[in-house]
S.K.: 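There's a structure below that I have some questions on.
Only a predicted model underlies this, so the values are computations on that prediction, with no experimental measurement involved. All values below were derived from every heavy atom in this structure, side-chain atoms included, with hydrogens, water molecules and symmetry-related copies excluded. If you read the sequence from its start, that first residue is 1, and numbering goes on from there.
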Amino acid sequence: MRVGVLTGGSDCPGLNAALRAVVRKGVQEYGDEFVGFRDGWRGVLRDETVALDIPAVRGTLPRGGTILGSTRTNPLLLDDGLDRVRGTLARHRLDALIVIGGTATLGVAAQLADDHGVPLVGVPKTIDNDIPLTDYTIGFDTAVGVATETIDRLHTTAESHKRVLVVEVMGRSAGWIALHAGLAGGANCILIPERPFSVERVCGWVESRFRATYAPIVVIADSALPETGEITLHRDVTPPPGADPRARLSGVGEWLGREIERRTGKESRTTVLGHIQRGGSPSPFDRWLATRFGLHAIDAVHDGDWGVMTALQGTRIARVRLAAATSTLKTVDPALYEEASVFFG
């Protein structure tokens with residue numbers, strides 16, 4: 001078969017491992033030929049391709065980012081987007097397309113498969129881990145590892161200077177990175193978008209820790225907001241045609257640090273991890289997960305099981321419907337947050 005492959009949305013560690021697995025198994029076991037599209041859906045729209053064979057993926061297992069490049073492009077936002085996608089696939093005589101992406105990229109894939117009959121299979125990746133029906137997504141474990149190591153390092157400097165240290169992590173509409181890294185790193189407060197927070201209560205936890213002669217670490221997701229809704233931090237941008245219109249997030253950590261200092265009199269500093277969480281080599285778990293997703297994705301292609309996504313359920317790789325996996329977001333279970341709250345204050 002002739003199979004197209006793309007990586008869409010934000011980059012994350014493990015994308016190259018998935019590409020490597022798809023190509024290695026596809027070539028070695030099925031005799032497939034692959035066409036790689038540059039920069040996600042934009043490459044399909046513009047018919048921009050790269051050679052994707054075994055030499056192209058050799059040595060990429062530990063490499064971060066994506067050798068194909070990526071953009072937040074949605075072809076269905078363009079009047080002629082669907083026709084351009086179909087035209088590109090036809091010109092390259094492709095039998096199938098493997099789409100590796102997050103909620104937005106896979107949402108487009110679900111529509112193309114179910115509404116327009118495009119033969120494709122999805123692979124879930126996002127450091128936010130917010131895709132339903134899969135326990136984990138590619139990139140999440142590495143991001144948590146980076147955030148946890150940062151928290152570990154900040155404990156010593158917090159103690160040395162008796163400061164409050166606020167750590168802002170990514171997550172968009174879900175608090176998975178904040179919850180996992182905060183719990184693993186021994187944070188004294190974890191704030192997530194699913195649970196609007198009371199600044200007064202946070203300050204109470206901070207003062208409680210200082211009374212115990214312990215400098216606190218506060219971990220906050222970049223889209224967490226206070227109960228009062230008194231701040232406007234999310235900068236809306238005007239995207240170019242076909243680009244993802246989602247707002248850029250950041251700033252709540254700096255705001256909270258200033259509020260804590262103003263209300264408690266305790267010196268506060270904020271560390272914003274930002275894109276550091278996306279960069280560098282994937283963790284062993286992400287390499288393992290991405291490899292298995294890739295192997296099972298090419299099997300789904302040869303089974304003609306269109307409109308499905310690979311998913312980790314326990315230790316088993318399952319297939320779930322893309323439409324079901326992109327119809328909502330997977331957010332933090334309140335019970336999991338309550339577990340972590342034992343360590344607050």
Side-chain angles (χ1 to χ4, degrees), residues 1 3-30 32 34 36-37 40-41 52 57 60-61 66 68 70 94-114 118-143 174 176 282-330:
M1 297 178 72
V3 182
V5 187
L6 67 86
T7 54
S10 299
D11 69 300
C12 70
L15 291 171
N16 291 321
L19 293 172
R20 171 180 174 269
V22 166
V23 172
R24 285 286 298 272
K25 186 167 188 177
V27 172
Q28 292 175 192
E29 295 200 9
Y30 293 115
D32 292 335
F34 291 93
F37 289 101
W41 288 115
L52 199 58
V57 299
T60 60
L61 181 63
T66 165
L68 293 181
S70 189
L94 296 182
D95 301 298
L97 183 65
I98 293 178
V99 179
I100 306 173
T103 53
T105 301
L106 293 181
V108 172
Q111 287 183 262
L112 289 174
D114 290 353
V118 176
L120 57 79
V121 169
V123 174
K125 69 87 205 169
T126 169
I127 66 169
D128 303 328
N129 198 41
D130 58 358
I131 297 178
L133 305 181
T134 182
D135 294 342
Y136 295 105
T137 55
I138 298 169
F140 172 68
D141 184 74
T142 306
W176 292 108
S283 67
F285 180 84
D286 270 330
R287 299 181 200 192
W288 172 87
L289 180 63
T291 298
R292 294 191 69 201
F293 277 168
L295 297 176
H296 284 259
I298 195 64
D299 286 341
V301 164
H302 281 271
D303 289 342
D305 201 357
W306 311 127
V308 301
M309 179 190 84
T310 57
L312 180 69
Q313 297 179 349
T315 58
R316 184 177 68 93
I317 303 297
R319 297 177 191 172
V320 299
R321 298 301 304 174
L322 269 169
T326 57
S327 61
T328 186
L329 292 177
K330 181 180 71 177

S.K.: If you apply the rule side chain to side chain contact (heavy atoms under 4.5 Å, CB included), what do you find for F293 with L312, and how did you get there?
M.R.: CA-CA 8 Å; F293 277 168; L312 180 69; 4.2 Å; yes
S.K.: Could you give the distance from CG (L15) to OG1 (T60), rounded to the nearest 0.5 Å?
M.R.: 10.5 Å
S.K.: Which heavy-atom pair separates M1 from W306 by the least distance, and what is that distance?
M.R.: CE-CH2, 4.3 Å
S.K.: Can you list every salt bridge (charged side-chain N to carboxylate O under 4.0 Å, His left out) pair that touches residues 305-318, not counting sequence neighbours?
M.R.: D305-R319
S.K.: For the pair F285 and W288, name the ring-plane relationship: parallel under 30°, tilted 30 to 60°, perpendicular over 60°.
M.R.: tilted
S.K.: Taking the side chain as every heavy atom from C-beta outward, state whether T103 and I131 have any pair of such atoms under 4.5 Å apart.
M.R.: yes
S.K.: Over all heavy atoms of both residues, which pair between G102 and T126 is shortest? Give the atoms and the distance, please.
M.R.: CA-CB, 4.5 Å
S.K.: What's the verdict on side chain to side chain contact (heavy atoms under 4.5 Å, CB included) for Q313 and V320, showing C-alpha distance, side-chain angles and the deciding distance?
M.R.: CA-CA 10 Å; Q313 297 179 349; V320 299; 3.6 Å; yes
S.K.: Please examine the side chains of D299 and Y30, heavy atoms only from C-beta on, and report whether any two atoms are closer than 4.5 Å.
M.R.: yes
S.K.: Do L295 and R24 have side-chain heavy atoms sitting under 4.5 Å apart?
M.R.: no
S.K.: Compute whether any side-chain donor of one residue and acceptor of the other, for T66 and D11, lie under 3.5 angstrom apart.
M.R.: no
S.K.: Within the 4.5 Å heavy-atom criterion, are L19 and L68 side-chain neighbours or not?
M.R.: yes
S.K.: Please report the shortest heavy-atom distance between D286 and T137, naming the atom on each side.
M.R.: OD1-O, 3.9 Å
S.K.: Measure from the side-chain N and O atoms of R287 to the backbone N and O of P282, and report whether any donor-acceptor pair falls under 3.5 Å.
M.R.: yes
S.K.: State, with a plain yes or no, whether a side-chain heavy atom of V5 is found less than 4.5 Å away from one of F37.
M.R.: no
S.K.: How long is the straight-line distance from OH of Y136 back to CG of N129, given to the nearest 0.5 Å?
M.R.: 7.0 Å
S.K.: Is there a side-chain contact between L6 and T105, using heavy atoms and a 4.5 Å cut-off?
M.R.: yes
S.K.: Is the shortest side-chain heavy-atom distance between V99 and V121 below 4.5 Å?
M.R.: no
S.K.: Can you tell me how far CG of D128 sits from NZ of K330, rounded to the nearest 0.5 angstrom?
M.R.: 11.0 Å
S.K.: What is the minimum heavy-atom distance between C12 and I127, and which atoms define it?
M.R.: CB-CG2, 3.7 Å
S.K.: What residues form a side-chain hydrogen bond (donor to acceptor under 3.5 Å, both in side chains) with D135, not counting sequence neighbours?
M.R.: none
S.K.: How close do P132 and M309 get, counting heavy atoms only, and between which atoms?
M.R.: O-CE, 4.0 Å
S.K.: Between NE2 of H302 and CG of D32, what distance do you get to the nearest 0.5 Å?
M.R.: 3.0 Å
S.K.: Begin with the C-alpha distance, continue with both residues' side-chain angles, and end with the deciding distance and a verdict on side chain to side chain contact (heavy atoms under 4.5 Å, CB included) for D141 and L289.
M.R.: CA-CA 10 Å; D141 184 74; L289 180 63; over 6 Å; no
S.K.: With rounding to the nearest 0.5 Å, note down the distance linking CG in L61 to OG1 in T291.
M.R.: 5.5 Å
S.K.: Taking the side chain as every heavy atom from C-beta outward, state whether L97 and V3 have any pair of such atoms under 4.5 Å apart.
M.R.: no
S.K.: Hey, what do you get for CD1 (I298) to NE2 (H296), rounding to the nearest 0.5 Å?
M.R.: 12.5 Å
S.K.: Please, which pairs that meet salt bridge (charged side-chain N to carboxylate O under 4.0 Å, His left out) have at least one residue in residues 94-113, sequence neighbours excluded?
M.R.: none
S.K.: How close do V57 and L52 get, counting heavy atoms only, and between which atoms?
M.R.: CG1-CD1, 4.1 Å
S.K.: Quick one: do F140 and D130 satisfy side chain to side chain contact (heavy atoms under 4.5 Å, CB included)? Show the steps, please.
M.R.: CA-CA 10 Å; F140 172 68; D130 58 358; over 6 Å; no
